[in-house]
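Not measured: the values here are computed from a predicted model. First the proteins, then the strands, lettered A, B, ... as listed; each starts at 1.
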Amino acid sequence: MPELAEVEYYRKLWDVGVGTRVLRVALHADKRPLRGLDPKAVITALTGSTLLGSEAQAKQMLFCFGRRGKPTAWLGIHLGMTGHLRVEPSSFTPEKHDHLVFWQAGRALVFTDPRQFGRIRFDEGGSPPLWWTTLPPAVTSPEFTVDRLRAFVARRKKSTIKGALLMQEFFPGVGNWMADEILWRARLNPQRHSGNLTPAESKTLWHESRAVCRIALETVGVDFKDPPAGWFFHVRWSPKGSCPRCRQPIKTATVAGRTTRWCPKCQPENR
DNA sequence: CGAGATGTTCGGCT
DNA sequence: AAGCCGAACATCTC
């Protein structure tokens with residue numbers, strides 16, 4: 001489920017626990033999401049510490065823990081394909097897929113991931129870890145310029161545009177449904193090669209990437225409500241959907257290894 | 001029951 | 001040699 005905006009939504013769910021001490025930690029040390037992290041190090045560092053705050057970037061979340069108001073440990077969570085966060089009462093008992101639980105007074109903060117493609121990271125220290133501070137510029141940021149996008153698609157000329165949009169190194173946070181939404185709005189066929197985009201098409205791709213990320217964060221990211229009416233989002237979950245603009249039946253194919261849907265009329269192949 | 005699922009990583013091939 | 005593709009990961013749902 002989780003792309004850019006869903007990740008932001010889940011991050012905020014744990015805000016109720018910010019400023020509060022962690023009384024107990026439970027984790028599934030031998031399961032995939034912990035990726036071999038030393039369970040003792042995590043439990044020792046976080047038990048008795050206070051959740052100081054959190055941030056989301058791309059498909060990643062960073063939770064800061066500390067003592068006496070000073071940061072001492074950093075927990076990263078990537079939700080993978082099926083991960084999510086939630087809050088339970090303090091009487092909560094973890095089940096099979098609850099890989100990480102923080103009990104505080106009156107509540108439990110829970111990370112669940114049945115398919116276990118998610119990933120926990122953990123670092124101690126006074127400042128955010130390198131893997132966090134070196135994430136690429138957000139699509140919605142001023143550093144995400146049309147010139148950088150043109151250079152990127154030119155370099156990835158053998159990749160389909162759909163494939164390029166899924167590359168986290170340049171489009172951090174964009175996932176399968178957002179990529180389809182961006183291409184539909186930009187009227188670009190997902191199977192076209194990145195290297196064939198005209199300068200004008202690259203500019204449209206840049207513009208729509210930013211619009212989709214921004215609006216998704218304002219809707220899905222705030223309270224998990226659907227994106228606005230008229231978005232491709234609403235028809236792309238079934239092969240029988242029709243284009244919100246022209247009512248043409250949409251097409252389905254595997255592009256860049258992912259199920260991809262588009263409007264054959266609005267997004268023609270033209271090579 | 002089999003296919004496919006909103007993600008990443010790795011190995012193999014060009 | 002960079003970069004693309006398909007398979008693998010582990011489980012659940014339709």
Side-chain angles (χ1 to χ4, degrees), chain A residues 1-11 13 28-37 56-61 76-86 94-100 111-121 131-132 134-136 139 151-184 190-196 209 212-213 215-217 219-221 224-227 231-241 250 252-262:
Chain A
M1 183 184 285
E3 301 180 26
L4 181 77
E6 290 93 346
V7 170
E8 170 63 7
Y9 170 77
Y10 285 124
R11 177 192 69 82
L13 282 186
H28 287 162
D30 49 340
K31 296 289 192 143
R32 195 168 193 266
L34 270 288
R35 313 278 171 145
L37 280 177
Q57 267 196 82
K59 295 174 188 170
Q60 325 244 5
M61 295 177 276
I77 300 183
H78 190 299
L79 295 171
M81 196 85 100
T82 54
H84 68 270
L85 304 188
R86 67 188 200 280
E95 295 189 1
K96 185 166 52 167
H97 300 308
D98 301 324
H99 301 290
L100 182 61
F111 163 59
T112 300
D113 183 11
R115 226 169 135 186
Q116 304 184 57
F117 292 172
R119 175 177 186 174
I120 305 284
R121 294 176 188 259
W131 65 264
W132 179 260
T134 55
L135 288 171
V139 176
F152 180 75
V153 295
R155 187 151 33 92
R156 300 312 192 121
K157 53 175 170 286
K158 285 185 295 187
S159 168
T160 57
I161 323 180
K162 171 73 182 250
L165 275 167
L166 293 174
M167 292 178 185
Q168 300 299 294
E169 71 209 66
F170 194 80
F171 294 98
V174 171
N176 205 28
W177 79 253
M178 292 180 85
D180 282 1
E181 188 75 40
I182 291 164
L183 291 169
W184 176 77
Q191 315 200 55
R192 284 183 57 192
H193 289 284
S194 291
N196 292 344
S209 299
V212 167
C213 288
I215 300 169
L217 283 168
T219 54
V220 182
F224 224 87
K225 76 178 171 223
D226 280 353
W231 274 36
F232 192 65
F233 175 93
H234 302 285
V235 306
R236 77 165 296 286
W237 306 105
S238 150
K240 291 182 290 208
I250 63 176
T252 301
T254 297
V255 182
R258 312 304 301 276
T259 296
T260 300
R261 299 213 161 92
W262 72 95

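- Applying the side-chain hydrogen bond (donor to acceptor under 3.5 Å, both in side chains) criterion to A:Q116, with sequence neighbours excluded, gives no partner residue.
- Distances shorter than 4.0 Å separate some side-chain N or O of A:T259 from OP1 or OP2 on B:dA5.
- Side-chain proximity of A:E3 to B:dT9, B:dG7, C:dC12: nearest is B:dG7.
- The separation of B:dT9 from C:dA1, taken at their P atoms, amounts to 23 Å, rounded to a whole angstrom.
- A:F117 meets the ring-ring contact (aromatic ring centres under 6.0 Å, His included) test with no other residue; sequence neighbours excluded.
- Residues that satisfy the side-chain contact (heavy atoms from CB on, under 4.5 Å) test with A:P136, not counting sequence neighbours, are A:P172.
- A:H97 pairs by the ring-ring contact (aromatic ring centres under 6.0 Å, His included) definition with nothing, not counting sequence neighbours.
- Within the structure, a side-chain polar atom (N or O) of A:H78 is placed less than 4.0 Å from OP1 or OP2 of B:dT8.
- Using bins of under 30°, 30° to 60° and over 60° for the plane-to-plane angle, the ring pair A:F171/A:F152 lands in the perpendicular bin.
- Sorted by first and then second residue, the pairs that involve residues 156-168 of chain A and meet side chain to side chain donor-acceptor pair (under 3.5 Å), not counting sequence neighbours, are A:R156-A:E169, A:K162-A:N176, A:K162-A:D180, A:K162-A:T260.
- The side-chain hydrogen bond (donor to acceptor under 3.5 Å, both in side chains) test applied to A:R86 returns A:E88, A:D98, A:T112, not counting sequence neighbours.
- Side chain of A:H234 to main chain of A:P227: a donor-acceptor pair is present (N/O by atom type, distance under 3.5 Å, no hydrogens or angles).
- If you take atom P in C:dT13 and the same atom in B:dT8, they sit 22 Å apart, rounded to whole Å.
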Polar atoms only, N or O, under 3.5 Å: list the protein pairs with nucleotides 7-10 of chain C and their distances.
{"unit_1": "C:dA10", "atom_1": "O4'", "unit_2": "A:R115", "atom_2": "O", "d": "3.2"}
{"unit_1": "C:dA10", "atom_1": "O3'", "unit_2": "A:Q116", "atom_2": "NE2", "d": "3.0"}
{"unit_1": "C:dA10", "atom_1": "N1", "unit_2": "A:R115", "atom_2": "NE", "d": "2.5"}
{"unit_1": "C:dA10", "atom_1": "N1", "unit_2": "A:R115", "atom_2": "NH2", "d": "2.9"}
{"unit_1": "C:dA10", "atom_1": "N3", "unit_2": "A:R115", "atom_2": "NE", "d": "3.3"}

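- What separates CD1 of A:I120 from C1' of B:dT8 is a distance of 15 Å, to the nearest Å.
- Scanning for side-chain contact (heavy atoms from CB on, under 4.5 Å) contacts around A:I161 gives A:L183, A:L188, A:R192, A:L197, A:L205, with sequence neighbours left out.
- A:R121 pairs by the side-chain contact (heavy atoms from CB on, under 4.5 Å) definition with A:Q60, A:R119, A:W131, not counting sequence neighbours.
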Write out a two-atom table: protein N or O, nucleotide N or O from nucleotides 1-6 of chain C, distance below 3.5 Å.
{"unit_1": "C:dC4", "atom_1": "OP2", "unit_2": "A:R156", "atom_2": "NH1", "d": "2.5"}

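- Rounded to an integer number of Å, the gap from NE2 of A:H84 to C1' of B:dA5 is 16 Å.
- Atom CD in A:E169 sits roughly 13 Å away from atom C1' in B:dT8 (whole-Å rounding).
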Reading DNA chain B 5' to 3', how would its secondary structure be written in dot-bracket notation, given Watson-Crick and G-U pairs with both distances under 3.5 Å, brackets [ ] for crossing pairs and | for partners on other strands? .||||.||||||||
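- For A:W184, the ring-ring contact (aromatic ring centres under 6.0 Å, His included) criterion is met by A:F232, not counting sequence neighbours.
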